[in-house]
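Working notes, structure below.
Remember, predicted model here, so these are calculated numbers, not experimental data.
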Amino acid sequence: MSIYDTLNPEQKEAMLHTEGPLLILAGAGSGKTRVLIHRIAWMMEQGVSPWNIMAITFTNKAAGEMRQRVNNLVGQGADSVWVATFHSTCVRILRRYIGHLGFDTAFSIYDADDQKTVMKDVCKRLNIDTKIFKERYLLSVISRAKDEMISPLEMEMAAQNDFQKKRVAEAYREYQAQLRRNNALDFDDLIVKTVELFQNCPEILNSYQERFRYLMVDEYQDTNTVQFKLISLLAGKYRNLCVVGDDDQSIYRFRGANIYNILNFEQVFPDAKVIKLEQNYRSTQNILNTANEVIRNNYGRKEKRLWTENEEGRPIGFHLLLNAFEEAEHIIGDISSRVRKGEADYQDHAVLYRTNAQSRLFEEKLIIAGIPYKLIGGVNFYARKEIKDVLAYLKTIDNGKDEVAVRRIINVPKRGIGAATLNRVQDYAGAYGISFYDALLRAEEIPNLGRSGGKIKPFTTLIQNMRSQLKEMSLTELTKALLGETGYIKDLENEGTDEAKGRIENIDELLNKLAAYEETADEPTLSGFLEEVALVADIDSLEESSNYVVLMTLHSAKGLEFPYVYMAGMEEGIFPSYMSLNGDNPEEELEEERRLCYVGITRAKRELMLTAARQRMVRGETMFNAVSRFIREIPEEYLESKKKKEGPAKPVNVPKQAAWIQSKESFRAKPYESQSLTVKKASGLEYGVGDRVRHIKFGEGTVLEITEGKKDYEVKVEFDTAGIKRLFASFAKLRKL
DNA sequence: GGTTGGAAACTTTTT
DNA sequence: GTTTCCAACC
């Protein structure tokens with residue numbers, strides 16, 4: 001029996017079709033990665049050199065998994081197969097050839113933060129009122145333009161006499177000029193510049209066409225126009241292009257993903273073979289039926305219907321809770337009882353939600369219950385202030401033209417160099433046509449700097465020293481030396497707060513990652529590390545072997561599977577989101593939300609539980625949302641619905657916050673009978689001045705003062721580690737010790 | 001030049 | 001409700 005006998009007929013057909021264009025429409029859980037891996041193995045068996053095979057994914061995690069599985073299946077030679085993400089592929093190409101486009105090979109990669117910094121400066125230079133055009137808006141327009149390969153000039157032409165559009169085009173042009181000056185690329189540029197390179201230098205394109213004779217693209221439904229251009233260029237010579245995707249799982253349209261790449265693939269490649277994979281190996285029939293029923297409500301999709309030989313399974317659970325607190329409590333309680341009964345481990349559970357902001361309540365309940373969990377998303381590790389500071393130092397050492405990095409750390413830790421000084425340096429740099437950092441080197445020559453001029457010297461000396469030691473020291477040693485000389489760690493230690501301690505831990509973690517990079521990389525370089533760091537996503541940190549409950553957004557969950565899946569916040573205005581319902585074209589946006597729902601449902605292997613809350617705090621406001629339309633789209637036969645009885649819940653069961661909300665509501669309803677205070681006073685506070693109390697986040701402390709406000713008590717507490725805080729009693733959830 | 005307090009924005013999703 | 005940003009003060 002060969003390794004290929006485990007594939008079903010369609011999968012095998014896809015595996016065997018190695019020459020010419022191929023579109024695999026792979027439903028959720030239909031084993032598409034299996035097909036790709038076996039396809040690679042098959043090609044190698046047919047004598048194709050692994051060196052000529054390329055597989056492109058979107059996340060490092062997906063790339064890593066594929067690499068692993070290819071290694072396991074074929075062993076010998078598998079290392080030569082190119083498995084990488086779009087972005088890292090482009091970076092590798094650009095590091096070699098970007099000189100042809102007038103950039104230096106030590107270019108920096110700018111993340112969203114850096115982009116915003118640049119854009120702020122652009123707006124200042126062009127006198128753009130950021131009240132009218134927000135930086136975020138300008139950046140999103142620019143990003144969309146890059147996705148569609150529209151240059152600043154083209155945008156300007158298209159603007160005609162529209163003043164507003166012209167302004168945006170100007171901002172775009174200036175933004176690009178700034179990036180160029182900083183020798184930096186943003187994420188979109190990585191792809192755009194690679195396409196540009198190929199278009200300008202046919203001989204370079206040709207060398208890569210020869211190298212990558214067999215191309216495979218995973219999650220094809222999420223590609224945008226430039227990415228498609230990149231793939232078409234690479235596959236242009238041999239046309240051995242295999243794309244795998246599912247139009248029903250296209251959830252990144254908002255970010256420029258072009259769904260027509262998949263819908264029109266057969267028009268672009270008329271000789272393309274199309275294979276549908278509709279047998280699902282992941283979920284129960286009930287889960288699949290539910291997914292099918294929901295996605296059926298979308299128009300303009302490629303018709304397919306998932307089926308499975310798996311058992312029917314349990315019905316989908318739906319619980320309507322009183323509020324978000326109860327929702328979190330219910331879900332966490334459910335998980336812990338299942339684990340207690342020994343039916344499953346923590347790692348078998350995922351809680352999915354629409355927005356990152358919803359994660360907090362789950363975190364709190366999990367902490368209280370003492371359940372290990374992993375939060376995906378939110379603030380990226382590499383986006384944290386202290387990490388960005390250290391990286392900015394490293395970037396400055398690596399790429400002196402990166403002004404954003406230099407400016408970030410020139411006064412961190414405080415060196416007494418302020419805005420006025422920086423402006424003078426900037427003017428000087430502009431007048432002499434040199435980079436910002438080079439101007440700093442000549443600080444003594446700059447007029448009007450006064451005393452501040454002398455403060456610059458120690459900084460540049462430090463950077464120059466580090467640069468000269470780059471060859472003698474390992475990167476880890478260098479970074480440690482840097483932290484020592486700048487006193488960065490010492491400053492944090494002196495702060496002594498929990499927050500500062502956390503920052504030090506994060507920096508230690510960064511040092512660990514640096515050391516790990518130096519051990520594993522073939523040729524560790526500072527540029528190499530910075531690039532690896534720039535391209536990681538939070539999802540990459542998810543390890544299957546660790547036993548924890550996973551919390552993440554529905555978007556992050558794409559491509560993953562869990563035996564037990566909870567989808568929380570199934571309410572109109574939350575999911576589908578308020579933005580999609582009130583956007584420019586609600587129909588289309590609603591379809592994307594529905595696809596997102598489909599993605600969520602199909603993550604579940606054994607059981608799927610949906611929850612909603614009658615009332616919920618959103619941005620400090622209590623919202624009363626109707627149950628999501630997606631719930632109504634599920635036929636009742638698949639659903640096991642449990643709604644909490646109407647009417648006030650028993651006070652014992654209601655958390656303090658809820659009690660407060662309720663009292664606030666009744667206060668609003670009957671303004672003349674001020675009931676709210678009686679509710680509060682009746683329950684009172686279990687602690688008084690001088691008592692020892694515990695707070696979830698701040699730990700133990702002593703109550704210094706209690707003031708009675710209009711609606712709530714304000715408590716002043718001196719925490720042992722977190723210092724003095726003023727808290728509202730109903731929110732602080734202080735416990736007497 | 002640095003600190004602090006209050007206003008304003010933020011919450012859709014990310015390589 | 002939380003975080004970020006900016007202006008007014010030190």
Mind checking [X] for me? I need base, sugar-phosphate or nothing, with any heavy atom below 4.0 Å counting as a touch.
{"X": "T421(A)", "result": "sugar-phosphate"}
{"X": "R253(A)", "result": "nothing"}
{"X": "N356(A)", "result": "sugar-phosphate"}
{"X": "F58(A)", "result": "sugar-phosphate"}
{"X": "S88(A)", "result": "nothing"}
{"X": "Y578(A)", "result": "nothing"}
{"X": "A420(A)", "result": "sugar-phosphate"}

Whichever of E592(A) and K414(A) has its nearest DNA chain B nucleotide further upstream toward 5' | K414(A)
Which residue lies more 5' along DNA chain B, comparing D188(A) with E589(A) via nearest heavy atoms |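 Going by which nucleotide is closer to the 5' end, it is E589(A).
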What's the [atom1]-[atom2] distance between [X] and [N], to the nearest Å?
{"X": "L535(A)", "N": "dT15(B)", "atom1": "CG", "atom2": "C1'", "result": "7 Å"}
{"X": "L139(A)", "N": "dT15(B)", "atom1": "CG", "atom2": "P", "result": "17 Å"}
{"X": "L352(A)", "N": "dT13(B)", "atom1": "CG", "atom2": "C1'", "result": "13 Å"}
{"X": "N60(A)", "N": "dT15(B)", "atom1": "CG", "atom2": "P", "result": "9 Å"}
{"X": "Y382(A)", "N": "dT14(B)", "atom1": "OH", "atom2": "P", "result": "18 Å"}
{"X": "E531(A)", "N": "dT15(B)", "atom1": "CD", "atom2": "C1'", "result": "13 Å"}
{"X": "I574(A)", "N": "dT13(B)", "atom1": "CD1", "atom2": "P", "result": "12 Å"}
{"X": "K558(A)", "N": "dT15(B)", "atom1": "NZ", "atom2": "P", "result": "10 Å"}

Just compare [options] and give me whichever is closest to any side-chain atom of [X].
{"X": "N411(A)", "options": "dG2(B), dT13(B), dT15(B)", "answer": "dG2(B)"}
{"X": "K134(A)", "options": "dT13(B), dC10(B), dT11(B)", "answer": "dC10(B)"}
{"X": "K116(A)", "options": "dC5(C), dT15(B), dT2(C)", "answer": "dC5(C)"}

Given [N], is OP1 or OP2 found less than 4.0 Å from the side-chain N or O atoms of [X]?
{"X": "K120(A)", "N": "dC5(C)", "answer": "yes"}
{"X": "S143(A)", "N": "dT15(B)", "answer": "no"}
{"X": "S577(A)", "N": "dT13(B)", "answer": "no"}
{"X": "N224(A)", "N": "dT15(B)", "answer": "no"}
{"X": "R136(A)", "N": "dA9(B)", "answer": "no"}

Side-chain donor/acceptor of N297(A) to backbone N/O of V294(A), under 3.5 Å = yes
R407(A) to F436(A) six-membered ring, cation-pi geometry met (6.0 Å, 45°) =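 Because its charged atom sits under 6.0 Å from the ring centre and within 45° of the axis, R407(A) does stack over F436(A).
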Nearest-angstrom distance, P atom, dT4(C) to dT13(B) | 15 Å
Classify the ring geometry of [X] against [Y]: parallel below 30°, tilted from 30° to 60°, perpendicular beyond 60°.
{"X": "F58(A)", "Y": "F86(A)", "result": "tilted"}
{"X": "F362(A)", "Y": "Y353(A)", "result": "parallel"}
{"X": "Y252(A)", "Y": "F254(A)", "result": "tilted"}
{"X": "Y517(A)", "Y": "F529(A)", "result": "tilted"}

Just do the side-chain hydrogen bond (donor to acceptor under 3.5 Å, both in side chains) check on E327(A) and T611(A) with the steps written out, would you?
-> CA-CA 7 Å; E327(A) 181 184 47; T611(A) 58; 2.8 Å; yes
Would F187(A) count as stacked on dT14(B) if the rule is ring centres under 5.5 Å and plane angle under 30°?
-> no
